[in-house]
Amino acid sequence: MPTATMTTKGQITVPAAVREKLGLEAGSRVDFTEQDGGYLISVRTVRAADLAGALPKPARPVSLEEMDRAIADGAIASAAL
């Protein structure tokens, strides 16, 4: 069973095998749920509803053709990297 030691600041390093199995990366969020006298640690997932309002509304409506063009331009730019 993987184990970790807490620092004086209350921090722990999640063992590499656990990080890999849970898909944890820098910035990942985890939840601690009290359960059966202990805690269940689970990876926090983001719901689409949580993203509502994350981006500002465009200054003007954008057509589907403009969206398609922007997506294609972005794909070309990322392929060039």
| field | Interatomic spacing from CD1 in Ile41 to CG in Leu24 - rounded to 0.5 Å | value | 9.5 Å
| query | Can you pull the salt bridge (charged side-chain N to carboxylate O under 4.0 Å, His left out) pairs that have at least one residue in residues 53-74, sequence neighbours excluded? | reply | Arg60-Glu66
| said: I need the minimum non-hydrogen distance between Thr13 and Ala4, along with the two atoms involved. | reply: O-CB, 3.3 Å
| remark: With sequence neighbours left out, the residues meeting side-chain hydrogen bond (donor to acceptor under 3.5 Å, both in side chains) with Arg29 are none
| request: Examine Phe32 and Val14 and state if one hydrophobic cluster contains both, with Ile, Leu, Val, Met, Phe, Trp and Tyr joined whenever side-chain heavy atoms are less than 4.5 Å apart. | output: yes
| request: Treating Ile, Leu, Val, Met, Phe, Trp and Tyr as nodes and any side-chain heavy-atom pair under 4.5 angstrom as an edge, say whether Leu55 and Leu51 lie in one connected cluster. | output: no
| Taking the hydrophobic residues Ile, Leu, Val, Met, Phe, Trp and Tyr, and joining any pair whose side-chain heavy atoms are under 4.5 Å apart, which ones share a cluster with Ile76? | none
| task | Compare all side-chain heavy atoms of Val18 with those of Met1 and state whether any distance is below 4.5 angstrom. | result | no
| Closest approach of Val62 to Met67 (non-hydrogen atoms, all atoms of both residues) | O-CE, 3.6 Å
| field | Nearest heavy-atom neighbours spanning Ser28 and Gly23 | value | OG-O, 4.3 Å
